[in-house]
Number of protein chains: 2
Amino acid sequence: MEWEQLLAQAGFRVTTSRRVVMQVLQTAGVPLEPHEILERGRCLHRSLGLVTIYRTLALLTALDLVRRVHRQDGCHGYVIASPGHRHHIICRQCGQATEFPGGDDIHALIERVENETGYRVDDHLLQLAGLCPACRELR
Amino acid sequence: MEWEQLLAQAGFRVTTSRRVVMQVLQTAGVPLEPHEILERGRCLHRSLGLVTIYRTLALLTALDLVRRVHRQDGCHGYVIASPGHRHHIICRQCGQATEFPGGDDIHALIERVENETGYRVDDHLLQLAGLCPACRELR
DNA sequence: CTCACTGCAAAGAATTTGCACTGAA
DNA sequence: TTCAGTGCAAATTCTTTGCAGTGAG
């Protein structure tokens, strides 16, 4: 339950809505869009509103408790974040999102690009897509 | 002018609107959002409409003449694409976008992630952000 | 001459804001 | 008790669709 302490320490209140959003995301395992969070959250908290979800996601994202993931089509979903800078690989069949850590290979790549382009890189957006083990089974 | 031939070969017409959108993007060098393309395009083609820009971008993106780039905040812009699968590095100061090719390092990274996660990767979204050479000068 | 393409208006989504009420601390 | 947080309604964007007129081939 350490995220609750993190919230409190940062001066924010631990409310039912925030608990529900976190619980829904923790249970889901796949990236959810705001309206999907609403549907699932309503089961747990009748009066939950979409506006609150937007505001909650903005807060949780700012605190790095939740991460926003992109899709090529421009839609984005939200997933629970692990501590540290990580990236996601998303199954295009079932939507399952798995985090993986950045390794030396990313740094090597960034260094190469810095040399090739003359840029100084200070942020990166990396997301992979493919088939998860379970969906590969079904082929 | 080879993009015009590509359009024609694919059975699409080379119209003024499409020429204007391409020219604006080629001139810009930085990723532009639809409404920015409209503003600049109007200078060249008075009656240009936003709807046409959306439709044109969808077409050009499908033909891989233009690429969509993402920002963490969810906004996205469009830039001229070079042939082949490339990635972008975007200057957070001036917005300048530069393409760079994927090298062995990306394949190595993907292979590592496949081994670690069991996924079979078939697509990736990689975008870097930082300071371009010109903006670094000004520091 | 035809039909793909365009612009406009209007519909639909996605997201944000204003405001009075509610509940966590 | 107090003020951050909430829900609702309405305002903003952002993007897509329907349709009649226009122009590329």
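Just so it is clear: chains get the letters A, B, ... in the order the sequence lines come, proteins before strands, and each one is counted from 1. Predicted model, so just to flag it, every value in this text is computed and none were measured.
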**Report entry** Pairs touching residues 40-64 of chain B that satisfy salt bridge (Lys or Arg N to Asp or Glu O under 4.0 Å), sequence neighbours left out
**Finding:** Asp64(B)-Arg67(B)
Under 3.5 Å, sequence neighbours excluded: what are the donor-acceptor pairs made by side chains of residues 125-137 of chain B?
residue	atom	partner	partner atom	Å
Gln127(B)	OE1	His70(B)	N	3.0
Gln127(B)	NE2	His70(B)	O	2.5
Arg136(B)	NH1	Gly118(A)	O	2.9

Query raised in the report: Gln9(A) CD to dA4(D) P: how many Å, rounded?
Result: 19 Å
Requested in this report: Can you tell me the distance, in whole Å, between the CZ atom of Arg18(B) and the C1' atom of dC5(C)?
Outcome: 6 Å
Each nucleotide N or O in nucleotides 22-25 of chain C that has a protein N or O under 3.5 Å away: list the pair and distance.
residue	atom	partner	partner atom	Å
dG23(C)	N2	Arg13(A)	NH1	2.8
dA24(C)	N3	Arg13(A)	NH1	3.4
dA25(C)	OP1	Val14(A)	N	3.3

Query - Spacing between Leu7(A) atom CG and dA4(D) atom P, to the nearest angstrom - result: 15 Å
Query - ring-ring contact (aromatic ring centres under 6.0 Å, His included) pairs, two or more places apart, involving residues 120-139 of chain A - result: His85(A)-His124(A), His87(A)-His124(A)
Query raised in the report: Given atom CG of Leu59(A) and atom C1' of dG5(D), what is their separation to the nearest angstrom?
Result: 10 Å
Query - side-chain hydrogen bond (donor to acceptor under 3.5 Å, both in side chains) partners of His107(B), counting only residues at least two apart - result: none
Query raised in the report: Where along residues 61-68 of chain A does a heavy atom fall under 4.0 Å from DNA chain D?
Result: none
Query - Side-chain H-bond candidate by donor/acceptor type, Tyr119(A) with Thr98(B), under 3.5 Å - result: yes
Query raised in the report: Where the side chain of Arg55(A) is concerned, which of dC19(D), dC8(D), dG5(D) is the nearest nucleotide?
Result: dC8(D)
**Report entry** Pairwise salt bridge (Lys or Arg N to Asp or Glu O under 4.0 Å) hits with a residue in residues 74-85 of chain B, at least two apart
**Finding:** none
Requested in this report: Figure out the CG/C1' separation between Leu60(B) and dC5(C), and round it to whole Å.
Outcome: 13 Å
Query - Pairs flagged by salt bridge (Lys or Arg N to Asp or Glu O under 4.0 Å) wherever residues 116-126 of chain A is involved - sequence neighbours left out - result: Arg112(A)-Glu116(A), Glu114(A)-Arg120(A), Asp122(A)-Arg92(B)
Report task. Report the distance from atom CG of Leu57(A) to atom C1' of dA14(C), rounded to the nearest whole Å. Result -> 13 Å
Just the atom pairs and distances: protein N or O near nucleotides 11-14 of chain D's N or O, under 3.5 Å.
none

Report task. Return the value, rounded to whole Å, for the distance between atom CG of Leu50(B) and atom C1' of dA10(C). Result -> 14 Å
Requested in this report: Nearest whole angstrom, please: distance from the P of dT15(D) to the CD of Glu36(B).
Outcome: 12 Å
Query raised in the report: Roughly how far, to the nearest 0.5 Å, is the CG atom of Leu7(B) from the CG atom of Leu59(B)?
Result: 6.0 Å
**Report entry** Partners meeting side-chain contact (heavy atoms from CB on, under 4.5 Å) with Ala62(B) (sequence neighbours left out)
**Finding:** none
Report summary line: For Glu33(B), the side-chain contact (heavy atoms from CB on, under 4.5 Å) test, sequence neighbours excluded, returns His35(B), Glu36(B), Arg71(B), Cys75(B)
Requested in this report: Could you pull out all residues at least two apart from Asp104(B) that satisfy salt bridge (charged side-chain N to carboxylate O under 4.0 Å, His left out)?
Outcome: none
